[in-house]
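Here is the structure we will look at.
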Amino acid sequence: MADLQFRYASDQSHQVQAIDAVVNLFQGQEFLSREFSGNTSFGAQATFAVGHANGIRVSPRQLADNLHGIQEENCLARTEELTDGRLRDFTIEMETGTGKTYVYIRSIYELHKKYGLTKFIIVVPSVAIREGVIKSFESTKAHFEELYDRTPLDVFVYDSKSMGAVGNFALSSSIEVMIINIQAFNKEFSKDGEENKGNLFHRRSERLIGGRSPRELVAECNPIVIIDEPQSVDNSKQAKAAIKSLNPLFVLRYSATHKEPYNMLYRLTPVDAFDQHLVKGICVDSVRSAEDLNGSYVKLDSVQANGGSIKAKLTIDVRDKKGGQKRKSVTCATGNDLFVKSNENPDYEGVRGGWVITNISAQEGNEFIEFQNGEYLEVGEAVGNVADEAVKRAQIRRTIIDHLQKQLELYPLGIKVLSLFFIDKVEKYRVYNDDGSWSAGGYARIFEEEYADEVRHGSWRRRYEKKGVPLPIDPAPLHQGYFSMDGKGKMKDTSGTTAADTSTFEAIMQSKERLISFPDGKDDVKDISFIFSHSALKEGWDNPNIFQICTLVDSGNEFTKRQKIGRGLRLCVNQQGERSHDPSVNVLTVIANESYDEFARGLQKEFEKDGYKFGILTPESFTKIIVEKENGDEEMLGFEGSKALYEYFLDTGMVTEKGAITPELKHAVEYHIVELPPEFEPVKEQVEAIISNKAKKLVIKDKSNEVTVELKKDVTDEPAFQELWEKIRKRTRYELEVDTDKLVEKAIEGISHMPEVRPVEVISSRADLSIDEAGIDTSMTGTAIVKTSAIRAYDLPDPIWELQDAVGLTRSTIKRILEGCSRFDEFAIDPATFLTQVAAKIDRAKLEVLSKGIKYTKLPESDWYTMEVLEVEDLTAYLGQNAYEPKHNKSIYSYVVYDSSTVERPFAYDLDMAEDVKVFAKLPNSFTIDTPVGSYNPDWAYVSEDEYGGKRVFFVVETKGGGNIDPATRPREAAKIDCARKHFAALDDGVTYSVRTTYAVTSVW
């Protein structure tokens, strides 16, 4: 069996949008190939060499216009932030786990394909992220070779000991990508950004063109600089000066948490990512215990040095006047006795341990306290906490239980489940003896004890055998630790940032595919299902098949909740290397020693600290609303219209001065009673949908509210449902009878209203040249637009071939559209812009015409759906969050699972409560109707019985916002709905298909 390889999709809409935002930034610009030359010396021999650089002629006005157009398209604030006097830096924000690295690698290919750019530098903040980037280039290589017709790309990591790669970077005319840590070239700059004598990156070499230094040679290439995690890269004057020294043509900045969001091009927020199911959902399994005040509990909270005095804050059990105990914080100095500090609590009496402080260290990074009895504590550590030790063991047990349940569910889908334990000390996993031998640490021992006990006494063997899933019995091969190693091969504690950590990240990355592969009896790594890792390794690596994360670190540890979940947010992968996009499968469970509410609040605060604001509207929030004009064309509301709408909400008190959505506005949106000025009434549904989305908080599932969804056989056996099922289970095939004349007419009409294609502008740039011992530098002094009488001539592509590839129509049809559109003379002005706009208009026309010309015919009964499509197995949901428990025995499922709390949940409630509804079903995702614009899954099927006893059958499709009279649907949704109507008409079986928002017009939830 071949080794598992990740397979990548090229049509993920959020990734395509992020890539387009970057590529379209330079739309209409003329990119040039630049060369520079010099000699290289090898001993006595000198060689003349020519280097290749990025070249560009950019009109500042055109660049600013493109920037504002992209920002408007993506509902972002208009900005024009300059760096060193020019538009240079641009930001892309994508939530962790949504494919940020894939996006910027593919953007490299696209920028080369469209503009001929070849030189790129990726600057990273740490070894961890560097290793992740290298792994991404390796795993995506085959995918991009297929996507870009095997376009050559060379990628390397900068190594000061190997200058050959730097020389090739400059000499090659192919795509060249250098990956470099910021630490490799920012040390020669002072904290104020002034340059001192340089390290090897800044030292001239006769082996490089013209005897330049690596920095000078790279600067000659005018690279596109991509900064991965800029908040950790150029967060000082020193780092900013280092980036500037690369002489970047442009800087593209990618992160989930930007501190300085220069000119945002695209933003995918945490709420967007979770709401669109682009990452795993989060479930919290809370493991807690009441305080156990037995024994001598001591925790070191902090150490402070004030002048010559050093004090320690401790938490201990203090005796009260009634003889009871209470856990309190006390301040202590060297020589203090905890027996005295605890109001003579006998647990701390000398004969019971001698809790006298002998030493306190306040050295930064090495704060600790020592006692006469030999106890030693670092900040955050505690001893004597019987409850804490019991909780840690319980957390490990719960992780094992959650793991076994998840693997039972996912093994039939070809998905291997991994669980991750974060710990803060290697000795808790592995203990080394003086002779080099080792034994299991406390957590490793507890894991093996609890796993063996759970498998031995639980019902897992029977359940696994029933489903044909292999159940490992021996816990020893199932777990492994990923920690840094010392020179003798021993695991050691780490900061996560040192050179010694490289091997750790390499091991994790290189094992990525093997870890998610089912065991084969040949590779020990494939046996591993439980990973122990150091909490210091908090970023730069992840694995898509991590489904449980258990943090066994002391409370003083600064490992954030966002860093915890970041290691397991990515969507899972099966044995074919394909990602699963099923939300019911992709759930990450955090086994926490705090309540669900505490975890949810804490995570939300971290997102807010990182700059994301929940429940906030801004002047640009409504920019992307689609307004239909009198002639049927559509256009965006735009920034000015969005600002006017925002100011209306501000003036009416529906949002606060800081843009916070008030409870009154949120209530009005939930019940579709938002009042708007007359000019905005036609887009009311879209306005409500945007406000509803902005008002959302992160949906974190509570494990204690988890329920198992089951098919209710007593309901499916009811005559009413059997009659319904016989009507709806019939399947159809479609044939297209496209009205080509109508398609051409609609396309021409759309093209006639598209924006004018303008000529590209040429600019003149002036710069001062300085030559000194540090090298050759340039400083921009001014730019000006150059107007001439010359007409620019392009090597024009074949427009029909280009459009045929983009829109999938015949050459003859495209030819008719171009000949009839009266805009073809603009093609020669700027071919790329013209073809992009025309393709969009043709696609719009296709959506309108295709569904009108479709014809459905019934398939033979052997192809109809059977009851098996309704079966659910091990499907879990969460009451009050995505599941409704029906009050009456009418639903075919024990719980109704919904996606929308404002539309689907109230609809389920209405169906459940309506006396005329006898049976209803929320149809599973596998129940679909084929359409030329993608599969369509109707939401509801139900039987309604009128007062005379007659039965009616309805399908209902929900919309996001809107009302029953005019529900809000986008063009693609509308096309699918038109097809569904024709599907049910072809069945001719008394089924009424309709689109509704509520079951009853006056329904109130």
Side-chain angles (χ1 to χ4, degrees), residues 709-731 864-872 875 877 882-929 936-960 962-965 967 969 976-977 980-981 983-1005:
V709 181
E710 298 175 344
L711 184 68
K712 298 172 68 174
K713 296 296 178 68
D714 59 327
V715 178
T716 58
D717 287 342
E718 286 286 329
F721 182 77
Q722 288 295 319
E723 182 180 352
L724 168 65
W725 180 244
E726 282 304 309
K727 294 175 182 294
I728 66 174
R729 76 184 188 96
K730 299 168 184 175
R731 301 184 67 191
W864 295 358
Y865 283 118
T866 66
M867 290 286 287
E868 290 181 358
V869 77
L870 302 176
E871 293 282 353
V872 290
L875 174 63
N882 73 333
Y884 164 72
E885 183 177 13
K887 304 296 185 290
H888 304 287
N889 194 36
K890 297 192 290 187
S891 168
I892 69 170
Y893 295 110
S894 54
Y895 300 92
V896 180
V897 180
Y898 55 81
D899 293 323
S900 164
S901 60
T902 58
V903 177
E904 287 189 353
R905 183 181 175 215
F907 200 92
Y909 177 85
D910 288 346
L911 290 175
D912 187 28
M913 295 300 172
E915 293 184 2
D916 56 326
V917 174
K918 301 305 174 185
V919 63
F920 71 91
K922 178 73 165 61
L923 293 171
N925 293 335
S926 52
F927 187 97
T928 61
I929 298 167
Y936 167 68
N937 169 225
D939 280 317
W940 307 92
Y942 62 92
V943 178
S944 176
E945 191 172 278
D946 62 24
E947 56 185 314
Y948 302 108
K951 290 185 176 61
R952 302 176 190 164
V953 180
F954 299 89
F955 273 107
V956 180
V957 171
E958 89 289 353
T959 57
K960 295 179 181 179
N964 289 333
I965 297 175
T969 55
K976 289 183 177 182
I977 288 168
R981 286 195 174 96
H983 160 84
F984 289 110
L987 297 184
D988 191 26
D989 209 359
V991 175
T992 301
Y993 173 76
S994 64
V995 182
R996 303 181 67 81
T997 300
T998 60
Y999 174 71
V1001 176
T1002 57
S1003 172
V1004 175
W1005 173 254

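For the pair E723 and V943, the minimum side-chain heavy-atom distance is 4.5 Å or more. Annotation: side chain of D910 is not in contact with side chain of F920 (no heavy-atom distance under 4.5 Å). V896 places a side-chain heavy atom less than 4.5 Å from the side chain of P886. Looking at Y865 and T928, their side chains come closer than 4.5 Å, going by heavy atoms from C-beta outward. Contact check for V995 versus R981: side-chain heavy atoms found under the 4.5 Å cut-off.
Contact check on D912 versus K887 returns no salt bridge, with no Lys/Arg side-chain nitrogen under 4.0 Å from an Asp/Glu carboxylate oxygen.
A distance of 4.5 Å separates CE of M913 from NE2 of H888, quoted to the nearest 0.5 Å. Separating the NZ atom in K890 from the CD atom in E915 is a distance of 8.0 Å, to the nearest 0.5 Å. Atom CG of L911 sits about 9.5 Å away from atom OG of S944, to the nearest 0.5 Å.
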ask   = Can you check side-chain contact (heavy atoms from CB on, under 4.5 Å) on I929 and F984, steps first, answer last?
value = CA-CA 10 Å; I929 298 167; F984 289 110; 3.9 Å; yes

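Minimum heavy-atom separation, Y893 to L870: OH-O, 2.7 Å. Between A921 and I892 the shortest heavy-atom distance is CB-CD1, 3.5 Å.
Remark: aromatic rings of Y884 and Y898 are distant, center separation not under 6.0 Å.
A donor-acceptor pair under 3.5 Å is absent between the side-chain atoms of N882 and the main chain of V897, judged by distance alone. Side-chain atoms of N937 never come within 3.5 Å of backbone atoms of S926 as a donor-acceptor pair (strictly under, hydrogens ignored).
With sequence neighbours excluded, the residues forming a side chain to side chain donor-acceptor pair (under 3.5 Å) with E726 are R729, listed by chain and number.
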Only distances under 3.5 Å count here; give the side-chain donor-acceptor pairs of residues 709-721 to other protein atoms, sequence neighbours excluded, each with its distance to 0.1 Å.
residue, atom, partner, partner atom, Å
K712, NZ, N889, OD1, 2.5
D714, OD2, N889, ND2, 3.1
T716, OG1, K713, O, 3.1

